[in-house]
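All values derive from a computational prediction rather than experimental measurement. Residue numbers start at 1 and run along the sequence shown.
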Amino acid sequence: MELTVAMAIFATFSVVAYGSLRSVIDTKQGSDQLSSRMDELRVAVMLMERDLSQAVNRPVRDKLGDTESAFVADSTTGIRFTRGGWSNPQGLPRSSLRRTGYRLEDEQLIRNSWRALDQAVSGEADDMPLLSEVENLTFRYLDDRDQWIENWPPAEEEQKETALPNAVEIILGIKGMGEIRRLVQLPGTYRGETKNEE
């Protein structure tokens with residue numbers, strides 16, 4: 001009888017201990033997943049900010065030979081722009097500029113990069129998935145009138161070469177994390193007041 005009671009008590013403690021251990025393990029796994037997710041988000045946002053902050057006003061030729069603005073964006077295809085700072089450690093005979101873009105496909109944030117500025121008929125982008133479970137990706141563009149617009153270049157200037165937007169707002173909707181916004185000022189667009197020196 002005593003042995004039966006002892007075994008029952010031991011079994012009860014074992015169940016309680018297992019439940020506590022399982023809870024600790026689940027908490028750690030959840031914490032590790034969240035940490036990994038935050039790292040992915042941090043890298044994706046940092047890369048987008050870095051690319052945009054190196055945008056340059058260099059139009060390109062598309063696959064049909066037509067001129068495409070240095071910075072092109074719309075709500076369906078994402079954004080494409082020319083950026084500088086493409087490192088060349090091997091000293092290859094190529095430009096330091098690169099055509100880069102971002103788009104959303106199947107809830108994945110994709111970074112596009114082209115190996116040549118002016119595209120050949122067969123020139124395809126290299127796609128690099130950056131972040132999954134992205135519910136929406138939106139950009140807004142600050143024009144010369146300090147107005148936020150949804151597409152670039154502005155409609156009235158589509159037929160001519162246009163400058164870069166003054167700033168770009170990135171809006172990412174992440175599943176389970178809500179909305180994240182980042183504001184990136186593009187290079188050479190600061191128009192603050194200057195003091196006259198006598």
Side-chain angles (χ1 to χ4, degrees), residues 38-62 66-87 95-119 125-175 177-193:
M38 291 299 296
D39 287 342
E40 290 178 359
L41 177 59
R42 191 178 302 110
V43 169
V45 171
M46 180 188 67
L47 192 55
M48 295 175 76
E49 290 178 338
R50 188 185 69 183
D51 284 342
L52 286 167
S53 67
Q54 297 184 80
V56 297
N57 190 14
R58 199 287 199 179
V60 299
R61 298 280 182 182
D62 63 17
D66 298 325
T67 299
E68 183 174 85
S69 297
F71 198 107
V72 178
D74 60 59
S75 57
T76 56
T77 61
I79 61 174
R80 299 183 304 281
F81 55 94
T82 305
R83 58 151 289 184
W86 186 15
S87 62
S95 173
S96 63
L97 304 179
R98 190 169 200 180
R99 197 68 169 170
T100 304
Y102 289 89
R103 75 179 194 276
L104 185 63
E105 182 178 312
D106 297 329
E107 293 193 344
Q108 277 198 322
L109 174 63
I110 307 292
R111 180 180 187 261
N112 313 121
S113 57
W114 286 263
R115 300 181 184 183
L117 288 174
D118 298 315
Q119 304 301 305
D126 295 323
D127 291 350
M128 180 172 69
L130 293 178
L131 190 64
S132 60
E133 296 185 337
V134 181
E135 295 179 322
N136 61 72
L137 171 65
T138 309
F139 298 94
R140 294 198 309 158
Y141 313 95
L142 188 66
D143 65 14
D144 289 334
R145 296 168 295 182
D146 289 331
Q147 299 293 318
W148 287 102
I149 59 177
E150 305 299 324
N151 297 308
W152 195 271
E156 65 273 13
E157 298 184 9
E158 286 181 350
Q159 302 304 317
K160 63 181 181 180
E161 180 180 336
T162 54
L164 304 175
N166 290 319
V168 177
E169 183 181 35
I170 307 166
I171 307 168
L172 279 168
I174 310 298
K175 187 177 296 184
M177 301 179 69
E179 190 174 83
I180 296 168
R181 291 173 177 257
R182 289 291 184 271
L183 185 63
V184 183
Q185 180 182 338
L186 270 63
T189 60
Y190 178 69
R191 294 180 292 120
E193 294 181 359

Residues forming a salt bridge (charged side-chain N to carboxylate O under 4.0 Å, His left out) with Glu49, sequence neighbours excluded: Arg182
Once you round to the nearest 0.5 Å, how far does [atom1] of [X] lie from [atom2] of [Y]?
{"X": "Glu150", "Y": "Thr138", "atom1": "CD", "atom2": "OG1", "answer": "8.0 Å"}
{"X": "Leu172", "Y": "Glu179", "atom1": "CG", "atom2": "CD", "answer": "9.0 Å"}
{"X": "Asn136", "Y": "Leu109", "atom1": "CG", "atom2": "CG", "answer": "11.5 Å"}
{"X": "Ile170", "Y": "Leu183", "atom1": "CD1", "atom2": "CG", "answer": "8.5 Å"}
{"X": "Asn151", "Y": "Ile79", "atom1": "CG", "atom2": "CD1", "answer": "12.0 Å"}

Is it true that the side chains of Arg99 and Ser113 contain a donor and an acceptor less than 3.5 Å apart? no
Which atom pair, heavy atoms only, marks the closest approach of [X] to [Y]?
{"X": "Leu52", "Y": "Pro187", "value": "O-CD, 3.8 Å"}
{"X": "Gly84", "Y": "Leu97", "value": "CA-CD2, 3.6 Å"}
{"X": "Val184", "Y": "Ser53", "value": "CG1-N, 4.1 Å"}
{"X": "Arg42", "Y": "Asp39", "value": "NH1-OD1, 2.7 Å"}
{"X": "Thr82", "Y": "Arg58", "value": "OG1-O, 2.9 Å"}
{"X": "Asn57", "Y": "Ala163", "value": "ND2-CA, 4.0 Å"}

Quick one, [X] and [Y] - any side-chain contact, counting heavy atoms below 4.5 Å?
{"X": "Trp114", "Y": "Val60", "result": "no"}
{"X": "Leu130", "Y": "Met128", "result": "yes"}
{"X": "Leu186", "Y": "Pro165", "result": "yes"}
{"X": "Ile174", "Y": "Val134", "result": "yes"}
{"X": "Arg98", "Y": "Arg115", "result": "yes"}
{"X": "Met177", "Y": "Glu133", "result": "no"}
{"X": "Arg103", "Y": "Leu137", "result": "no"}

Can you see whether Trp148 has Arg140 sitting over its ring - NZ or CZ less than 6.0 Å from the centre and within 45° of the normal? yes
Arg50 and Arg83: side-chain contact (heavy atoms from CB on, under 4.5 Å), yes or no, with the steps? CA-CA 10 Å; Arg50 188 185 69 183; Arg83 58 151 289 184; 4.3 Å; yes
Given the rule in the side-chain hydrogen bond (donor to acceptor under 3.5 Å, both in side chains) test, do Thr100 and Arg80 qualify, once you have shown the distances and angles that lead to the verdict? CA-CA 6 Å; Thr100 304; Arg80 299 183 304 281; over 6 Å; no
Who are the side chain to side chain contact (heavy atoms under 4.5 Å, CB included) partners of Ile149, not counting sequence neighbours? Tyr141, Asp143, Trp152, Pro154
Identify which one of Asp126, Asp51, Asp127 satisfies the salt bridge (charged side-chain N to carboxylate O under 4.0 Å, His left out) criterion when paired with Arg111.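 By the salt bridge (charged side-chain N to carboxylate O under 4.0 Å, His left out) criterion, Arg111 pairs with just one of Asp126, Asp51, Asp127: Asp51.
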